[in-house]
Amino acid sequence: MADEPTRLRDYGLQSERLLWPTKGPSRFEEELGTEELERALGLTTLEKAVRWAQTKSMWPDTFGLACCAIEMMSIVSSRYDIARFGMEAFRSSPRQADLLIVSGRVAHKMAEPLRQIYDQMLEPKWVVAMGVCASSGGMFNNYTILQGVDRIVPVDIYVPFCPPRPEALMEGIIRLHEAHLAGVPPAYERVGVAT
Ligand code: SF4
């Protein structure tokens with residue numbers, strides 16, 4: 001008999017392997033075979049159902065900083081169609097947003113407002129650093145630009161390139177969904193929030 005899948009990555013959830021190599025089912029789940037049971041009978045746990053629902057309604061905050069923001073805006077267009085994930089509702093209030101896409105370089109004068117927006121978002125919340133500028137300062141290695149937004153907010157996903165095409169941002173969002181479905185906690189739980 002072929003080996004039965006025992007880990008989420010066996011079902012194609014690559015992010016679990018990439019982001020959390022040691023994560024897998026507990027000993028109790030292994031003995032009970034819950035993954036197999038769920039697959040066969042269509043059962044799930046409330047926790048997993050909530051995580052699934054959250055990935056289908058992850059509303060981004062309306063927040064753009066520089067050239068990357070133009071690429072970010074296009075993900076709501078019919079060509080990229082982020083509505084298929086229930087994410088087309090960019091919210092103007094951080095209290096109604098779950099996802100902060102930091103799209104562009106962060107000048108020091110924008111660091112405080114950005115952090116304020118992050119603090120006003122309700123939990124659970126996620127952060128995507130879009131592009132090399134948001135991720136590390138990029139080519140702007142100077143006194144005006146924050147050298148990586150993860151100095152002020154915990155980042156869940158880094159999207160490379162300058163600028164990342166909308167496809168790259170979509171890839172990052174899909175990886176974020178996979179990680180959340182696999183049970184990987186948001187970055188603020190894993191790495192904490194700078195004070
Ligand atoms: S990564 Fe490139 S496109 Fe994005 S903000 Fe920086 S310079 Fe602009």
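The first residue in the sequence is number 1, and the count goes up from there. Just follow the structure's listing: the first ligand is 1, and inside any ligand the first atom is 1.
- Protein N/O/S atoms closer than 2.8 Å to atom 2 (Fe) of ligand 1: C162 SG.
- For D81, there are no salt bridge (Lys or Arg N to Asp or Glu O under 4.0 Å) partners, not counting sequence neighbours.
- The pair R115-E112 does not count as a salt bridge, with every side-chain nitrogen at least 4.0 angstrom from each carboxylate oxygen.
- Scanning both residues, C68 and P164, for their nearest heavy atoms gives SG-CD, 3.5 Å.
- Note on residues 49-60: pairs passing salt bridge (charged side-chain N to carboxylate O under 4.0 Å, His left out), not counting sequence neighbours, are E47-R51.
- Contact check on R190 versus D156 returns a salt bridge, with a Lys/Arg side-chain nitrogen under 4.0 Å from an Asp/Glu carboxylate oxygen.
- Applying the under-4.5 Å side-chain rule to Ile, Leu, Val, Met, Phe, Trp and Tyr, the cluster around V50 extends to L46.
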